[in-house]
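We're numbering straight along the sequence, starting at 1. For clarity, every value in this text was computed on a predicted model and none was experimentally measured. Numbering of ligands and ligand atoms starts at 1, following listing order. Just the heavy atoms: all of them, side chains too, but no hydrogens, waters or symmetry mates, feed the values below.
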Amino acid sequence: MTVGDGQADDQDDTGGSPAERKMRFLFALRSRGIIDPRVLGAMEAIDRGHFVRGHFAARAYDDVPLPISCGQTISQPSVVALMTQALSVNPRDTVLEVGTGSGYQAAILAQLARRVYTVDRHRRLVREAAQVFSALDLTNITALTADGSRGLPDQAPFDRIIVTAAAEDPPGPLLAQLKIGGIMVIPVGQSDAVQSLIKVVRNEDGFDYQELRQVRFVPLVEGIGTD
Ligand code: SAH
């Protein structure tokens, strides 16, 4: 890994040492409304540079989404932080993430939860993310290739579910796999339009829905990919 490894000579042309870069990164999150100290601590602990490859690594600390393998994207850090904050993860929680992508969001969740299951429809993304998890010794993440729109019935129910690809509606199997008292955060809407990030809370009588903000995610696609 070349970025954020704490070497004194690890300067880049966007200016500053790794420590200064980290301070700017956290300041940007705070200015975007991220106030939960546990979320800020997790964002500080996990270096986004590990999850971005090639020449995009130089932009790992900018608040922008970046391309990853299989035509997918790593979300922008402020959106990762906002979704994590909205999920209100407790230390004993079991979390399902649909859309492993680079693995960055799962790594953040792994700082806050007891166990994280993360699934992606692209085998290659799961393999690459699992390599980073093991390099970072994040042993409480299980990464699997699966169609996450069906959830993960063998491990259900979940305390928290986060979907990092946009569905037209929250998939029924995911709602069914949420515990009573559980929370799901998911972008909903057409893939080619602006979508709404919503928070779903399951209570004794059904589900409460709250709209958080507008977002733009790649689509949730059914079935397993070919790579
Ligand atoms: N959370 C990721 C970003 C995810 S991008 C990160 O932190 O980097 C969205 C991901 O959702 C893509 O990798 C895409 O392959 C995946 N995806 C789309 N439809 C899916 C489905 N039905 N099941 C599982 N993963 C899916």
Q) What about E222: any of its N or O atoms under 3.5 Å from an N or O on ligand 1? A) no
Q) Without hydrogens or angle criteria, can the side chains of N90 and D159 be said to hold a donor-acceptor pair below 3.5 Å? A) no
(Q) Check whether R38 reaches the backbone of V89 with its side chain - one donor and one acceptor, N or O, closer than 3.5 Å. (A) yes
Q. What part of H122, side chain, backbone, both or neither, has a heavy atom within less than 4.0 angstrom of ligand 1?
A. side chain
Q) With backbone taken as N, CA, C and O and side chain as the heavy atoms from C-beta onward, which portion of A146 lies under 4.0 Å from ligand 1: side chain, backbone, both, or neither? A) backbone
Q. Does a donor on one side chain and an acceptor on the other come within less than 3.5 Å for R121 and T145?
A. no
Q | T84 and Q105: side chain donor to acceptor below 3.5 Å | A | yes
Q: State the CZ-OG distance between R213 and S78, to the nearest 0.5 angstrom.
A: 6.0 Å
Q) Is V80 touching ligand 1 with its side chain, its backbone, both, or neither, if touching means heavy atoms under 4.0 Å apart? A) neither
Q: To the nearest 0.5 Å, tell me how far Y104 OH sits from L109 CG.
A: 11.0 Å
Q: Would you please determine whether R150 falls within less than 4.0 Å of ligand 1 on a heavy-atom basis?
A: no
**Q.** Nearest neighbour in protein (non-hydrogen) for atom 5 (S) of ligand 1
**A.** T73 O, 3.2 Å
**Q.** Q72 contact mode with ligand 1 (heavy-atom cut-off under 4.0 Å)
**A.** side chain
Q.
How far is atom 11 (O) of ligand 1 from the closest protein heavy atom, and which atom is that?
A. G99 CA, 3.3 Å
Q) Between L220 and ligand 1, which residue portion shows a heavy-atom distance shorter than 4.0 Å: side chain, backbone, both, or neither? A) both
**Q.** Residue-ligand contact P219/ligand 1, heavy atom below 4.0 Å
**A.** yes
Q) Side chains of S196 and Q214: is there a donor and an acceptor less than 3.5 Å apart? A) no
Q: For atom 21 (C) of ligand 1, state which one of V119, V221, V79 supplies the nearest heavy atom.
A: V221
Q: For atom 7 (O) of ligand 1, find the nearest protein heavy atom and state the residue, atom name and distance (0.1 Å precision).
A: Q105 N, 3.0 Å
**Q.** Under-4.0 Å heavy-atom contact with ligand 1, by part of L125 that carries it
**A.** side chain
Q: Kindly say whether G223 contributes a backbone atom to a donor-acceptor pair with the side chain of R150 at under 3.5 angstrom?
A: no
Q) How does S102 reach ligand 1, by side chain, by backbone, by both or by neither, if only non-hydrogen atoms under 4.0 Å count? A) both
Q) Nearest to atom 13 (O) of ligand 1 by heavy atom, D120, L66, I108, I68: which? A) D120
Q) Which heavy atom of A129 sits nearest a heavy atom of S102, and at what distance? A) CB-O, 3.7 Å
Q) Are any of the N or O atoms of E97 closer than 3.5 Å to those of ligand 1? A) yes
Q. Below 4.5 Å, heavy atoms only, C-beta onward: do V79 and F217 meet side chain to side chain?
A. yes
Q. Any nitrogen or oxygen of I74, main chain or side chain, under 3.5 Å from a nitrogen or oxygen of ligand 1?
A. no
Q | Close side-chain approach of V98 and L220, heavy atoms under 4.5 Å | A | yes
**Q.** From R121, R48, M83 - option closest to atom 26 (C) of ligand 1 by heavy atom
**A.** R121
